[in-house]
Structures are given as structure tokens and as C-alpha cells.
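Throughout, protein chains are lettered first and strands after them, A, B, ... in sequence-line order, and every chain is numbered starting at 1. Remember, predicted model here, so these are calculated numbers, not experimental data.
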Amino acid sequence: MDDVALHKSDTKSAVRAALLAWYDERARTLPWRSPPGAAERTDPYRVWLSEVMLQQTTVPHATPYFQSFTQRWPTVNDLAAVADADLMAAWAGLGYYARARNLLACARAVASQHGGVFPDTEAGLLTLPGVGAYTAAAVAAIAFDREANVVDGNVERVVARLFAVETPVPAARPELRVLAGSLVEAHRPGDWAQALMDLGATVCRPKSPSCLICPISAWCAGYRTGEPERYPVKTKKAERPHRLGFAYVLRDGAGRVALVQRPDKGLLGGMLGLPTSDWGAAPSETPPVKADWIDAGAIEHVFTHFSLTLAVRVAEGQGDFVWTSEEAALKALPTVFRKALERGLASAG
DNA sequence: GAAACGTGGTC
DNA sequence: TGACCAAGTTT
């Protein structure tokens, strides 16, 4: 790796000073963030909640959820008291629903085992459900000013470019972590972590990075290669398979629709859903009740590891289901089923 | 280490 | 328009 320059401690200091100065001026204003250098530490509950919501999720997508959650549940104790179904409904549309189940488990653990106070060390945070290496480090640094090595996708990209790391990810992860750690110091650790992430999000972007306005391009080995966007080098991803399935919109004639509670484990775990067939190459029709099922067309949806065509069938009938008003269902369902329900309702008129 | 796990925006 | 991508964690 081409990191000779940064082995000098005065160079490391220069890079740190340049990026922190940039952050002092250019930090994004975000609902869960205190201004750079603020005397008041941000509420660990808000830091934790934002970090969980932001896992593999964009700021614009997570923001309204953060606003809604903190308004409805201002403290971790409030969140710990929420019924499972209410929490899952509030999370509907955000994706990666295991996060919501772990969020509740974590809130309850903090409330019951830690007196409503978040652990203030990385190791303590790491014991909590849904809190992995990144989130533990981020909360420790941002909420508790701990000297933690906060490594997310942004940091990996910035560091891969700064040091022109040729090893492809994901194999390069340990190496990138060590390099990121080489820049961490006890001075302003929370601001340092956020400065690195802001740089990655706004300047050192995955595509067309803005090297001309980058505060640390002078020390960037990737910039010197002339094609910084080549980093981090990646291995090819496997193709995404396609699956087919049927979804059934059963209505009771009084504005309610039949939903089912999905098992806690697996895809869309713990969420409400429409009754469906199996999903695969050639699924067979398996309607939940005998009825006069009408073809309502199909919807397309893309998951992380497969894409799906869901043929929608509509009928009127009865049965043992979670009967829910159409309005409430549209708000509580994960997106794939919301799309299928909308299709069914539009077709049925 | 690899695979499972959502969604919406971008180019 | 399809592939890529976003503040990862769990199994």
C-alpha cells in the first residue's frame, strides 16, 4: 500500500487538522447531530437510534422515521414500553426488519438491565442486540467522546482512496480498518468520525468524487493515481435470481383486508403481510381460502438477494386472519405488500 | 467467510 | 433500465 507519507506523524496531524477544520465549517446539519465541538454531548438514545436507522439506509429515507420515533418515544424507556406490533408498524417501509426487532430488544435491555442508561463504552455497547462493531464505535465516539475506530462504508472508501489500497473488498476490510485506526486520536473522536463520514457522503462519493474541493487531497494517494473512483477495488457480485409468487388480497366487503403475521425469523420477519404462495421458479397457486379469485395484475419488487414478480389475486371472503382496515394496512405493511395491496385495491375499484 | 436481509434514489 | 449504492448485523 502507498501510505509512506502518512507514516510520518506530522503528516498525520496535518491530515487530521485539515479534515477537522473542514468539518467545523462544512458539517451537515442533521436532526440527530450536535454542531461540531458542541459542549453538550448528544443524547446517546438519539445517537443510537439514528445509527441503527442509518444502517444501509440513506439520510433522506431515515430522517422522517427518526423524527417520528423521537417525537412518539422521547426516551429509551418510552421505546422499551412499546408493543411489538406498534414498533414493527412504525418501522414499515424502512427495510431490514431485523433491525426493528433488535431495536426493541436493545431498548428493553437498556431499560431493564442498565436502568435506562446506555453503556458508555464500546465493549458495553457491543453486548446490546443489533449493535455491531460499527454502531458500538459510533455511539461510543459520538455520544461519549470515546477514542473509537468508527468504520462504515464511507470511511472504508475514504481510506481506500487515501492509501490507494489495491486489495479488493470485502477481503480488504481488516486492512482498511487498521488504516482507519491509524488516523484516530483522543482529540475530538466523535467529530473525527463524523468528519470522515461527511467527507465520504458529500465529497469523496462513490462516483465522481469532488477531489478539487477535498480538504485532504494533498495527501491522497488515490488522487495522485488519477483515478480515485477506482477505489475501493471490488470483487464482482453474484447475479440476482428472479422469483415468482402469488399474493392474495382478501376483502370482507366492509373496508378491511386479511393480513397474516409473519414468523420472526427470515424475510420480512415479524411484519404483517398478505397471504402468499411460495416464491420460486414455478410457484403453484395456494389461495388462503376458497373464493372467486380475480386476476389483479402483478407488481415487481427487488430485494437484496433476489427480484420478485408477484401476481396479485383479489376476492371477497372470510376466514381466520388479522383483519385490518385498508388504510391501516397500507401504513403497517412492508413495501412489497403495500405495492401488492395497492394493486389489488386499484383493480377491485 | 459467505449468505441473508429492504428500500428508494441515481446515472 | 438495470446495476450500483446507503452510517451493517446476524447466523
With sugar-phosphate meaning primed atoms plus P, OP1 and OP2, does [X] contact a base, only sugar-phosphate, or nothing at under 4.0 Å between heavy atoms?
X	value
T58(A)	base
W32(A)	base
V302(A)	base
P60(A)	nothing
G200(A)	nothing
A133(A)	sugar-phosphate
G269(A)	nothing
L94(A)	base
V131(A)	sugar-phosphate

Is the shortest distance from a Lys or Arg side-chain nitrogen in [X] or [Y] to a carboxylate oxygen in the other one below 4.0 Å?
X	Y	result
D264(A)	R101(A)	no
R188(A)	D24(A)	yes
K207(A)	E229(A)	no

Just the rounded figure in Å: distance from [atom2] of [N] to [atom1] of [X].
X	N	atom1	atom2	value
M88(A)	dG6(B)	CE	C1'	12 Å
L310(A)	dG6(B)	CG	P	15 Å
H305(A)	dC4(C)	NE2	P	17 Å

For atom [atom1], what is the distance between [N] and [M], given to the nearest Å?
N	M	atom1	answer
dA7(C)	dA3(C)	C1'	22 Å
dG9(B)	dT9(C)	C1'	23 Å
dG6(B)	dA6(C)	C1'	12 Å

Presence of [X] side-chain N/O under 4.0 Å of [N] phosphate oxygens OP1/OP2:
X	N	answer
R157(A)	dA6(C)	yes
R240(A)	dA4(B)	no
K234(A)	dC5(C)	yes
S50(A)	dA7(C)	no
T304(A)	dG6(B)	no
Q56(A)	dG8(C)	yes
H61(A)	dG9(B)	no
K237(A)	dC5(C)	yes

Does [X] contact [N] through a side-chain donor or acceptor facing the base, at a distance under 3.5 Å?
X	N	value
R28(A)	dA7(C)	yes
Y96(A)	dG6(B)	yes
T57(A)	dG6(B)	yes
T135(A)	dG8(C)	no

D198(A) and its salt bridge (charged side-chain N to carboxylate O under 4.0 Å, His left out) partner, picked from R26(A), R205(A), R28(A): R28(A)
